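This structure is a prediction, so every number in the text was calculated from the model and none was measured. Computation of the quantities below employed the complete heavy-atom set of this structure, encompassing side-chain atoms and omitting hydrogens, waters and symmetry-equivalent molecules.
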Amino acid sequence: MVRCVLCSLVVLLAGFHTAETAAAGPAGRLSLHWDKNILSITGETLPGGTVRIWYLEAYCRPGSTDRDWHETTIGHETKLVRAWPDGSRLWLRCELADGTFVVHDIQVVDDGVRFDLIAHNPTAIASLSHWAQPCIRVGDFTGADQQTYLGKSFLYIDDRRTFLPTPRWATAARYVPGQVWCPGNVNRNDVNPRPLSTDVPSNGLIGCVSHDERMILASVWEPWQELFQGIIVCLHSDFRIGGLKPGETKKIRGKLYLVENDEAALLARYARDFPEHFASPAPPPLPR
């Protein structure tokens, strides 16, 4: 049994992108470290020094919007498979209580960190793993606390960058405070049980500006389940799995941008990396 699992893992990892040598970006040369479910991203000139991500906070079942959180989460255990000595890349493996496993290839690139995931259900029973939560702690990056970091954080409403709190701020839910934004293709019964905004984001990007206003941190996934402003000075772009049939495999990809505070350049990078999130088939060129 162990041999079969290891063989499957090697086959899945072999399909990932080959490692790249990333140039130093505005945060300096980034380095990755993972321990006890915390992914740490450090940089020579990164505001706050380190960005920490609870990776992963939870895997979730559908029907979550108005249900006890403990009934929504699927137990999981994450293990480090391999770490590159220079901190440029990590392989992780999450094993869910229902037998599903998710392999994570996390790699430093010139404008942040790239995530390539493969979710696989080797069992004979359908998996209810519909979405998952990487929880990005932004307190050090923004230099703000729970009361002040909203003003440094943004998403896109009506195709415009909108800083929080948005005008139509929801306040009622099973758990408060916080705020959830859901794309049009996701069932409103299947998101975080925090107040759900009536605003529909124009795209899957959520981010914040650094305390010195020198840099932007922004996160996006494809496919994505929701955007979420939490209660521990955190931001979420939560990725969607959508359940897995017996024997089914799905690929998921994400990006954490750590770039100069240039909104136009950020959007150009986003359009280049995730053209399916935009109506136009031809994304704008990156600024020279």
Side-chain angles (χ1 to χ4, degrees), residues 37 39 53-78 92-106 113-121 123 125-137 155 170 173-175 178-197 199-207 218-232 234-246 248-256 274 276-277:
N37 295 314
L39 173 64
I53 306 175
W54 187 355
Y55 196 93
L56 288 162
E57 180 179 352
Y59 287 89
C60 303
R61 298 178 176 88
S64 49
T65 304
D66 188 19
R67 183 176 59 201
D68 185 276
W69 185 240
H70 297 291
E71 297 177 10
T72 285
T73 56
I74 302 171
H76 75 281
E77 181 181 11
T78 305
L92 303 176
R93 184 180 188 275
C94 293
E95 184 166 346
L96 280 62
D98 66 1
T100 297
F101 63 89
V102 183
V103 181
H104 305 250
D105 183 7
I106 307 171
V113 179
R114 189 179 69 203
F115 299 80
D116 293 289
L117 280 55
I118 293 180
H120 178 64
N121 178 10
T123 76
I125 301 173
S127 170
L128 293 178
S129 54
H130 272 245
W131 54 288
Q133 291 193 306
C135 175
I136 307 170
R137 312 294 178 79
L155 72 164
R174 176 177 283 262
Y175 301 106
Q179 198 76 181
V180 182
W181 298 268
C182 184
N185 65 317
V186 170
N187 192 319
R188 269 54 183 164
N189 294 318
D190 298 342
V191 297
N192 197 291
R194 297 279 171 175
L196 176 59
S197 175
D199 286 318
V200 177
S202 304
N203 59 50
L205 204 66
I206 190 169
S219 177
V220 63
W221 288 87
E222 171 54 35
W224 59 289
Q225 178 79 6
E226 65 179 23
L227 305 179
F228 172 49
Q229 172 269 319
I231 59 170
I232 50 173
C234 66
L235 296 174
H236 287 223
S237 175
D238 293 335
F239 64 81
R240 179 171 175 81
I241 302 171
L244 291 161
K245 300 174 184 177
E248 187 175 17
T249 299
K250 292 183 177 180
K251 292 184 178 181
I252 301 156
R253 59 194 180 92
K255 191 78 172 281
L256 181 72
F274 299 88
E276 61 270 49
H277 289 194

K.L.:
Hey, are the side chains of K250 and L244 touching, using non-hydrogen atoms and a 4.5 Å cut-off?
P.N.:
yes
K.L.:
Return the minimal non-hydrogen interatomic distance between Q229 and W181, and the atom names on each side.
P.N.:
N-CZ3, 3.8 Å
K.L.:
Enter the distance from I241:CD1 to I252:CD1 here, rounded to the nearest 0.5 Å.
P.N.:
5.0 Å
K.L.:
Atom NE2 of H236 and atom CD1 of I53: how far apart are they, to the nearest 0.5 Å?
P.N.:
10.0 Å
K.L.:
Under the side-chain contact (heavy atoms from CB on, under 4.5 Å) rule, what do L56 and F239 come out as? Steps first, then yes or no, please.
P.N.:
CA-CA 11 Å; L56 288 162; F239 64 81; 4.0 Å; yes
K.L.:
Does R61 have any side chain to side chain contact (heavy atoms under 4.5 Å, CB included) partners at least two apart in sequence or in another chain, and if so, which?
P.N.:
R67, I74, L128
K.L.:
First locate atom CG of N185, then atom CD of Q225, and finally report the distance between them rounded to the nearest 0.5 Å.
P.N.:
8.5 Å
K.L.:
Would you mind reporting whether H130 and C60 have side-chain heavy atoms less than 4.5 Å apart?
P.N.:
no
K.L.:
Donor-acceptor pair, T78 side chain versus N37 backbone, under 3.5 Å?
P.N.:
no
K.L.:
Looking at CD of Q133 and OG1 of T73, how far apart are the two atoms once the value is rounded to the nearest 0.5 Å?
P.N.:
9.5 Å
K.L.:
Mind listing the closest non-hydrogen atom pair of G63 and D190 along with its distance?
P.N.:
N-OD1, 2.8 Å
K.L.:
Is any side-chain heavy atom of D68 closer than 4.5 Å to a side-chain heavy atom of Y175?
P.N.:
yes
K.L.:
Working note: Y59 + T100, criterion side-chain contact (heavy atoms from CB on, under 4.5 Å); need CA distance, chi angles, decisive distance, verdict.
P.N.:
CA-CA 11 Å; Y59 287 89; T100 297; over 6 Å; no
K.L.:
Is W221 close to P134 at the side-chain level, that is, under 4.5 Å between some pair of heavy atoms?
P.N.:
yes
K.L.:
Say you draw a straight line from CZ of F115 to CG of L92; how long is it, rounded to the nearest 0.5 Å?
P.N.:
9.5 Å
K.L.:
Measure the spacing between CG of L117 and CZ of R253 and express it to the nearest 0.5 Å.
P.N.:
12.0 Å
K.L.:
With a 4.5 Å cut-off on side-chain heavy atoms, are N192 and S64 touching?
P.N.:
no
K.L.:
If I compare all heavy atoms of A173 with all of P193, which pair ends up nearest, and what's the gap?
P.N.:
CB-O, 3.8 Å
K.L.:
Are the side chain of S237 and the backbone N or O of L227 linked by a donor-acceptor pair below 3.5 Å?
P.N.:
no
K.L.:
For V220 versus G204, what's the shortest heavy-atom pair and its separation?
P.N.:
CG2-O, 3.5 Å
K.L.:
Flag yes if more than 12 heavy atoms outside I232 fall under 6.0 Å of its CD1 atom; otherwise flag no.
P.N.:
yes
K.L.:
List the steps, then state whether salt bridge (Lys or Arg N to Asp or Glu O under 4.0 Å) holds for R174 with E71.
P.N.:
CA-CA 13 Å; R174 176 177 283 262; E71 297 177 10; over 6 Å; no
K.L.:
According to the interplanar angle, ranging from 0 to 90°, do the rings of Y55 and H104 count as parallel (below 30°), tilted (30 to 60°) or perpendicular (above 60°)?
P.N.:
perpendicular
K.L.:
Of all the heavy-atom pairs spanning N189 and T65, show the shortest one and how long it is.
P.N.:
C-OG1, 2.8 Å
K.L.:
Assess whether side-chain contact (heavy atoms from CB on, under 4.5 Å) is satisfied between I136 and S219, documenting all intermediate values.
P.N.:
CA-CA 9 Å; I136 307 170; S219 177; 3.6 Å; yes
K.L.:
Is the shortest heavy-atom distance from the side chain of W224 to the side chain of P201 under 4.5 Å?
P.N.:
yes
K.L.:
Quick one: are H277 and L205 in side-chain contact, heavy atoms under 4.5 Å?
P.N.:
no
K.L.:
Between the main-chain N or O of K245 and the side-chain N or O of N121, is there a donor-acceptor pair closer than 3.5 Å?
P.N.:
yes
K.L.:
Do you know the tightest heavy-atom contact between C94 and H76?
P.N.:
SG-CD2, 4.4 Å
K.L.:
If we only count heavy atoms from C-beta on, is the V186 to V191 side-chain gap below 4.5 Å?
P.N.:
yes
K.L.:
Return yes if some donor-acceptor pair links the side-chain N/O of Q179 with the main-chain N/O of R194 below 3.5 Å, else return no.
P.N.:
no
